[in-house]
Peer 1: 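The structure is given below, and queries will be raised subsequently.
Here the structure is a predicted model, which is why all the values come from computation and not from measurement.
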Amino acid sequence: MTQWPARLVLVGAGKMGGAMAQGWLDAGLAASSLTILEPKPSPEIASLAANRGIALNPRIAAPPEVLVLATKPQSLDQVAPGIAGIASAHTLVLSILAGKTIANLGARLPQARAVVRAMPNLPAAIGRGVTAAFANANVTGEQRGWCERLLGAIGAFYWLDDESGIDAVTAISGSGPAYIFALTEALAAAAERLGIEPELSMGLARGTVEGAAELMRRDSLTSPATLRRNVTSPGGTTAAALAVLEGPGGLEDLMIRATAAARARAAEMAG
């Protein structure tokens, strides 16, 4: 297995950057190998750095082996001048900035050669994320191995053959947890409309979503379609509900339109 990079600089330690850092440390990355650049660290990040001996906002004397960009995409222009000098020709730049293409990154970090775009999602915070990535032609085998080690430490990991796939991944798994949370809210709201009091409505909704997801995880060899059919008795209550969800303008159509909007927005963010 590829070793951890000896020197890794994480630029941006918000929710996703912080989740990644915690996942790497939990998986065995030495705290001495990690440097965090975050001008406004949260109490959690400040505590993590202090407790684990991680360098927080030091002056970077030499280019690292890996430079991870985890700021907000709209902050790239503000951040880039301060890090351009440490993104050397021998540094792997690993970006999780939605919408920012390899060409965008190259324009801001002109010395960088090896660049990987990746899109993780929020369950990375509990080691259950899903990440897909695309590497440009300058990324070496060892650098690909670092990506697999770093991104595999926070959940499932997949390589893409084309950079354009990143925007679609952003729309599906990158933004996807929000769709599940919204579904949970909608199910709870529907329960209230049926006369169930709010606290119980949310308990039923959350428990149902959590249980269904865990069942799907544990029974990974059974397709979601089969699991759905297993719950659905012909002519029963579930069948009546699915007739609405699967009808014109139903759940599949909503998801197609929602994810198309997310992918279009990702494309708009390039530049």
Peer 1: So does R228 have more than 12 non-hydrogen atoms from other groups sitting under 6.0 Å from CZ?
Peer 2: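 Enclosed.
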Peer 1: Let me check something: do V66 and F157 share a hydrophobic cluster, defined by ILVMFWY side-chain heavy atoms less than 4.5 Å apart, either directly or through other members?
Peer 2: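 Same cluster.
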Peer 1: Between L37 and I60, is a side chain to side chain contact (heavy atoms under 4.5 Å, CB included) present by the stated rule, with each step listed?
Peer 2: CA-CA 10 Å; L37 299 181; I60 308 296; 4.3 Å; yes
Peer 1: Would you sort out whether M20 and V68 count as a side chain to side chain contact (heavy atoms under 4.5 Å, CB included), showing the intermediate values?
Peer 2: CA-CA 10 Å; M20 293 169 71; V68 180; 4.1 Å; yes
Peer 1: Under 3.5 Å, sequence neighbours excluded: what are the donor-acceptor pairs made by side chains of residues 173-196?
Peer 2:
{"from": "S173", "atom 1": "OG", "to": "V169", "atom 2": "O", "distance (Å)": "3.3"}
{"from": "S175", "atom 1": "OG", "to": "T170", "atom 2": "O", "distance (Å)": "3.2"}
{"from": "Y179", "atom 1": "OH", "to": "A171", "atom 2": "O", "distance (Å)": "2.6"}
{"from": "T184", "atom 1": "OG1", "to": "I180", "atom 2": "O", "distance (Å)": "2.9"}

Peer 1: Can you give me the closest heavy-atom contact between L97 and A70, atom names plus distance?
Peer 2: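 Closest approach of L97 to A70, heavy atoms only: CD1-N, 3.9 Å.
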Peer 1: Who are the side chain to side chain contact (heavy atoms under 4.5 Å, CB included) partners of A267, not counting sequence neighbours?
Peer 2: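 Listed in chain order: D167.
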Peer 1: Using side chain to side chain contact (heavy atoms under 4.5 Å, CB included), reason through L76 and L105 one step at a time and then give a plain yes or no.
Peer 2: CA-CA 9 Å; L76 178 60; L105 297 168; 4.1 Å; yes
Peer 1: Between the main-chain N or O of I102 and the side-chain N or O of E163, is there a donor-acceptor pair closer than 3.5 Å?
Peer 2: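 Side chain of E163 to backbone of I102: a pair is present.
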Peer 1: I need the L151 CG to T131 OG1 distance, nearest 0.5 Å.
Peer 2: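 It is 5.0 Å, given to the nearest 0.5 Å.
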Peer 1: Is the backbone of A87 close enough, under 3.5 Å, to the side chain of Q111 for a donor and an acceptor to pair up by distance?
Peer 2: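 No, Q111 side chain to A87 backbone: no donor-acceptor pair under 3.5 Å.
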Peer 1: For a quick test of reading the model, state the closest non-hydrogen atom pair linking W24 to L10 and the distance between them.
Peer 2: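 For W24 versus L10, the nearest heavy atoms are CH2-CD1, 4.2 Å.
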Peer 1: Do T232 and R229 have side-chain N/O donor and acceptor atoms under 3.5 Å apart?
Peer 2: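 Checked: T232/R229 side chains show no N/O donor-acceptor pair below 3.5 Å.
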Peer 1: Can you tell me how far the CG atom of L56 sits from the CG atom of L48, to the nearest 0.5 Å?
Peer 2: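 The CG atom of L56 sits 9.5 Å away from the CG atom of L48.
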Peer 1: Looking at S47 and P43, would you say the former's side chain and the latter's main chain have a donor-acceptor pair under 3.5 Å?
Peer 2: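 Answer holds: no.
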Peer 1: Any link between V139 and I166 through a network of hydrophobic side chains (Ile, Leu, Val, Met, Phe, Trp, Tyr) touching at under 4.5 Å?
Peer 2: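 Result: no, two separate clusters.
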Peer 1: What closest approach, in Å, do D253 and G249 show between heavy atoms, and which atom pair accounts for it?
Peer 2: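 Heavy-atom minimum between the residues: OD2-CA, 3.7 Å.
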Peer 1: Would you say that more than 12 heavy atoms from the other residues, nucleotides or ligands in this model lie under 6.0 Å from the CD of E214, or not?
Peer 2: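 Enclosed.
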Peer 1: Are I172 and M16 connected into the same hydrophobic cluster when the rule is that any two of I, L, V, M, F, W, Y join if their side-chain heavy atoms are below 4.5 Å apart?
Peer 2: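 Per the 4.5 Å side-chain linkage, M16 and I172 are not co-clustered.
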Peer 1: Would the distance check show the side chain of R113 and the main-chain N or O of P110 forming a donor-acceptor pair, the cut-off being under 3.5 Å?
Peer 2: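 Side chain of R113 to backbone of P110: a pair is present.
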Peer 1: Do E148 and W159 pair up side chain to side chain, a donor and an acceptor below 3.5 Å, judged on atom types alone?
Peer 2: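 Their side chains do contain a donor-acceptor pair, which is all the 3.5 Å distance test asks for.
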Peer 1: Compute whether any side-chain donor of one residue and acceptor of the other, for T140 and E142, lie under 3.5 angstrom apart.
Peer 2: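 No donor-acceptor contact under 3.5 Å links the two side chains.
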Peer 1: Taking T226's backbone N and O only, do any of them form a donor-acceptor pair with S223's side chain (distance below 3.5 Å, no angle check)?
Peer 2: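 Pair found, side chain donor or acceptor close to backbone of T226.
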Peer 1: Quick one: CZ on R117 to CG on L94, what's the gap to the nearest 0.5 Å?
Peer 2: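 Here the rounded value is 11.5 Å.
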Peer 1: Salt bridge (charged side-chain N to carboxylate O under 4.0 Å, His left out) with E252: which residues, sequence neighbours excluded?
Peer 2: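 Expected list: none.
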Peer 1: Any side-chain heavy atom of H90 within less than 4.5 Å of one from P63?
Peer 2: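 A side-chain contact is absent here, since even the closest heavy-atom pair is not under 4.5 Å.
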Peer 1: Would you indicate whether the side-chain heavy atoms of L109 and L69 approach each other to under 4.5 Å?
Peer 2: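 The answer is yes; the side chains approach within 4.5 Å.
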Peer 1: In a check of side-chain contact (heavy atoms from CB on, under 4.5 Å) between I86 and each of V11, T35, L67, which one passes?
Peer 2: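 In the set V11, T35, L67, the residue that makes a side-chain contact (heavy atoms from CB on, under 4.5 Å) with I86 is L67.
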Peer 1: Taking everything shown except N51 itself, do over 12 heavy atoms lie less than 6.0 Å from its CG?
Peer 2: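 Yes, CG of N51 has more than 12 neighbouring heavy atoms, counting only those of other groups under 6.0 Å.
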Peer 1: Quick one: CH2 on W146 to CG on L92, what's the gap to the nearest 0.5 Å?
Peer 2: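 Rounded to the nearest 0.5 Å, the CH2-CG separation comes out at 7.0 Å.
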Peer 1: Hey, what do you get for CG (N136) to CD (Q143), rounding to the nearest 0.5 Å?
Peer 2: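 Going from the CG atom of N136 to the CD atom of Q143 covers 9.0 Å.
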Peer 1: Under a 3.5 Å distance rule, please check whether N104 uses its side chain to pair with a backbone N or O of T101 as donor and acceptor.
Peer 2: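 Yes, the answer is positive, given that a donor and an acceptor are paired below the 3.5 Å cut-off.
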Peer 1: Is R52 reaching over with its side chain to a backbone N or O of A50, donor-acceptor style, under 3.5 angstrom?
Peer 2: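 Absent.
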Peer 1: Check E38 against K40 and note the closest heavy-atom contact, atom names and distance.
Peer 2: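 Heavy-atom minimum between the residues: OE2-N, 3.0 Å.
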Peer 1: Mind checking whether M216 and L227 have side chains closer than 4.5 Å, heavy atoms only?
Peer 2: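 M216 reaches L227 side chain to side chain.
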Peer 1: Could you tell me whether the side chain of P41 reaches within less than 4.5 Å of the side chain of I36, counting heavy atoms only?
Peer 2: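 Side-chain contact under 4.5 Å: no.
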Peer 1: Has T91 got a side-chain atom pairing as donor or acceptor with V93's backbone, closer than 3.5 angstrom?
Peer 2: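 A pair under 3.5 Å: no.
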Peer 1: Donor-acceptor pair, distance only, cut-off 3.5 Å: does the side chain of N121 make one with the backbone of V130?
Peer 2: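 Checked: pair present.
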Peer 1: What heavy-atom pair brings A27 and W4 nearest, and what distance separates the two atoms?
Peer 2: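 A27 and W4 have their closest heavy atoms at O-CZ2, 3.4 Å.
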Peer 1: Quick one: closest heavy-atom pair of L160 and G165, and the distance?
Peer 2: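 It is CD1-C, 3.7 Å.
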Peer 1: Evaluate M119 against I96 for side chain to side chain contact (heavy atoms under 4.5 Å, CB included), listing each step before the verdict.
Peer 2: CA-CA 5 Å; M119 181 48 59; I96 66 165; 5.5 Å; no
Peer 1: Cluster question for you: counting only ILVMFWY and a side-chain heavy-atom cut-off of under 4.5 Å, with indirect links fine, are I83 and I54 together?
Peer 2: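 They do not share one cluster, since no chain of ILVMFWY contacts under 4.5 Å joins I83 to I54.
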Peer 1: State the CD-OG distance between Q3 and S33, to the nearest 0.5 angstrom.
Peer 2: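 Result: 10.5 Å between the selected atoms.
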Peer 1: For R206, I'd like to know if atom CZ has over 12 heavy atoms of other residues, nucleotides or ligands within 6.0 Å.
Peer 2: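 It does not: R206 CZ has 12 such atoms or fewer within range.
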Peer 1: Examine distances only and state if a side-chain atom of R108 and a backbone atom of A84 form a donor-acceptor pair shorter than 3.5 Å.
Peer 2: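 It does not hold such a pair.
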